[in-house]
Amino acid sequence: MHGTKILEEADRLMTVCNSCRYCEGLCAVFPAMEMRRSFSDGDLNYLANLCHACGACYADCQFSPPHEFDVNVPKTFAIARAESYAGYAWPRACATLFENNGVVITLIASLSVAAFIFGFSVFNEPKALHGIHTGPGAFYALMPHHAMAALFGAALLYAIVALAMGVRAFWRDIGEPVGMRADAPSLWQAIRDAGNLRYLDGGGVGCFNEDERPTDRRRIYHHLTFHGFLLCFAATCVATLYHFLLAREAPYAWWDLPVVLGTLGGIGLLIGPAGLFAAKWRRDPGLADQARTGMDTAFILMLFLTSFSGIALLLLRDTAAMGPLLALHLGLVFALFITMPYGKFVHGIYRFVALVRYARERRMTGHV
Ligand code: SF4
Ligand code: SF4
């Protein structure tokens, strides 16, 4: 007996697949499945988060619908994954935020943007919001740096703690000891597998999306989004070091490192999410968890809008549009931070943790 209906279904599919084993070369899920004869809830959540939804096993399966066995691994695991996100959420009361996630994120983003516009107007002359501010420290004419650092530092810290607690719950559920000794080779293997999205390649031919012709498009858009996000994060870290170590205040020149990193990352975060949205729009409904399309779309849209407002701010920072654009951008970034633990962002974290576990059990069973 399993905790939910979808885990019952995942167990049924894994039992069928374990007898068949036709897909064992496609991804990490099938070799991990073959290490087991029975599946606990934690095992199934682990396998679901190990799945990259490439669709290859659906396209290749002789038992997929309309066959009476009704084997649909990508869709079943997509639903199980989404339910696991809510199951691991911290604090528990926030698990419900995963339901109607699109609406929740839209509301929080709108309120955050409104709060920043209101705050800029109340703490400054309203005309400061529409004035022209240039040179080092121009952004802080609207909001002092210490207030900005405290606000965003607190939001980021909250997101990190909530995500860490979620990872702890996942790690426990899949049966790993919380205090395990650092396993550097497994960690390094997982970093490499996550960095090149190894299991989003459909076993080498590409990802199946709208039809049975595999392409690398979804993988490329994931790369642009993932590395765009990392570059933007690096830009923020470098800017923070500039401010505190070198006493150099934003905004920086076009050629300066934070701007170069942020611009490259921002371009990735425009093209990647737009491509993922187009792929999602065209995706075969038989492969997707359609009940949670809102969660995926809301996250993709948030990334796109955050990047779009950041690039618009860069282009128009020497004009009177700087104040409203800064309020819009900061509002979106703030909303992104505080909703990260309760939306699609977590799929990257749990998938990475599943890859660590996979690398670890492969090593422990002598497969590498
Ligand atoms: S998905 Fe289908 S073909 Fe692949 S292992 Fe399972 S039952 Fe076999
Ligand atoms: S959808 Fe792709 S990643 Fe997921 S189990 Fe099937 S082959 Fe593996």
Side-chain angles (χ1 to χ4, degrees), residues 6-39 43-85 174 190 193-223 226 276 279-280 282-290 292 296 344 347-348 350-359 361-362:
I6 200 65
L7 292 180
E8 293 285 354
E9 173 63 0
D11 191 330
R12 182 184 76 85
L13 297 191
M14 288 299 96
T15 305
V16 173
C17 292
N18 226 351
S19 308
C20 166
R21 300 194 171 184
Y22 178 76
C23 296
E24 64 184 357
L26 292 181
C27 68
V29 169
F30 296 96
M33 170 198 78
E34 288 172 14
M35 290 181 209
R36 295 162 169 81
R37 293 291 170 272
S38 61
F39 305 94
D43 289 333
L44 294 166
N45 284 326
Y46 159 57
L47 296 175
N49 281 283
L50 202 52
C51 169
H52 284 51
C54 75
C57 61
Y58 180 77
D60 290 358
C61 183
Q62 60 272 39
F63 305 123
S64 59
H67 191 282
E68 61 184 321
F69 284 7
D70 194 25
V71 173
N72 189 338
V73 177
K75 183 169 186 167
T76 303
F77 275 171
I79 300 170
R81 259 196 314 279
E83 291 190 3
S84 76
Y85 302 157
I174 63 180
D193 291 345
N196 60 28
L197 298 174
R198 179 172 170 190
Y199 298 112
L200 199 51
D201 68 353
V205 293
C207 189
F208 293 80
N209 198 40
E210 63 269 31
D211 53 33
E212 293 191 357
R213 283 171 302 169
T215 73
D216 257 340
R217 276 201 304 268
R218 267 184 88 230
R219 193 175 181 206
I220 291 167
Y221 294 136
H222 267 91
H223 269 303
F226 176 54
L276 287 176
K280 182 161 288 299
R282 288 200 299 259
R283 192 150 222 226
D284 176 352
L287 285 170
D289 171 14
Q290 290 188 296
R292 292 174 183 83
D296 295 5
K344 191 60 192 257
H347 87 290
Y350 292 140
R351 202 158 267 155
F352 176 72
V353 174
L355 286 170
V356 175
R357 207 265 175 114
Y358 178 66
E361 64 184 9
R362 295 277 291 173

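First listed ligand is number 1; within each ligand, the first listed atom is number 1. No experiment lies behind these values; they were computed from the predicted model shown.
Here the closest non-hydrogen pair linking Asn49 and Ser84 is ND2-OG, 3.2 Å. Scanning both residues, Arg292 and Ala82, for their nearest heavy atoms gives CD-CB, 3.0 Å. Closest heavy-atom contact between Val71 and Tyr58: O-CD1, 4.2 Å. What you find for Lys344 and His347 is that their closest heavy atoms are O-ND1, 2.6 Å. Here the shortest heavy-atom pairing between Leu44 and Phe77 reads O-CE2, 4.4 Å.
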Can I get a per-line list of side-chain donor-acceptor pairs under 3.5 Å for residues 204-211, giving both atom names and the distance, sequence neighbours left out?
{"from": "Asn209", "atom 1": "OD1", "to": "Arg283", "atom 2": "NE", "distance (Å)": "2.9"}
{"from": "Asn209", "atom 1": "ND2", "to": "Ala279", "atom 2": "O", "distance (Å)": "3.0"}
{"from": "Glu210", "atom 1": "OE2", "to": "Arg217", "atom 2": "NH2", "distance (Å)": "2.9"}
{"from": "Asp211", "atom 1": "OD1", "to": "Arg213", "atom 2": "N", "distance (Å)": "2.9"}
{"from": "Asp211", "atom 1": "OD2", "to": "Arg213", "atom 2": "NE", "distance (Å)": "3.3"}
{"from": "Asp211", "atom 1": "OD2", "to": "Arg213", "atom 2": "NH2", "distance (Å)": "2.6"}

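Contact atoms of ligand 1 toward Phe63: 7 (S) (distance under 4.0 Å to a heavy atom of the residue). When each atom of ligand 1 is checked for a heavy atom of Gln62 under 4.0 Å away, the hits are 3 (S). With ligand atoms numbered from 1 in the order given, ligand 1 contributes 3 (S), 5 (S), 7 (S), 8 (Fe) to contacts under 4.0 Å with heavy atoms of Cys20. Counting the atoms of ligand 1 from 1 in the order shown, those under 4.0 Å from a heavy atom of Cys61 are 1 (S), 2 (Fe), 3 (S), 7 (S). The distance from ligand 1 to the heavy atoms of Cys23 drops below 4.0 Å at these ligand atoms: 1 (S), 3 (S), 4 (Fe), 5 (S).
Here the heavy atom of the protein found nearest to atom 6 (Fe) of ligand 1 is Cys17 SG, 2.3 Å.
Near atom 2 (Fe) of ligand 2, less than 2.8 Å away, sit the protein N, O or S atoms Cys54 SG.
No donor-acceptor pair closer than 3.5 Å links the side chain of Arg351 to the backbone N or O of Ala194.
Aromatic rings of His222 and Phe226 (six-membered ring for Trp) have centroids beyond the 6.0 Å cut-off, not under it.
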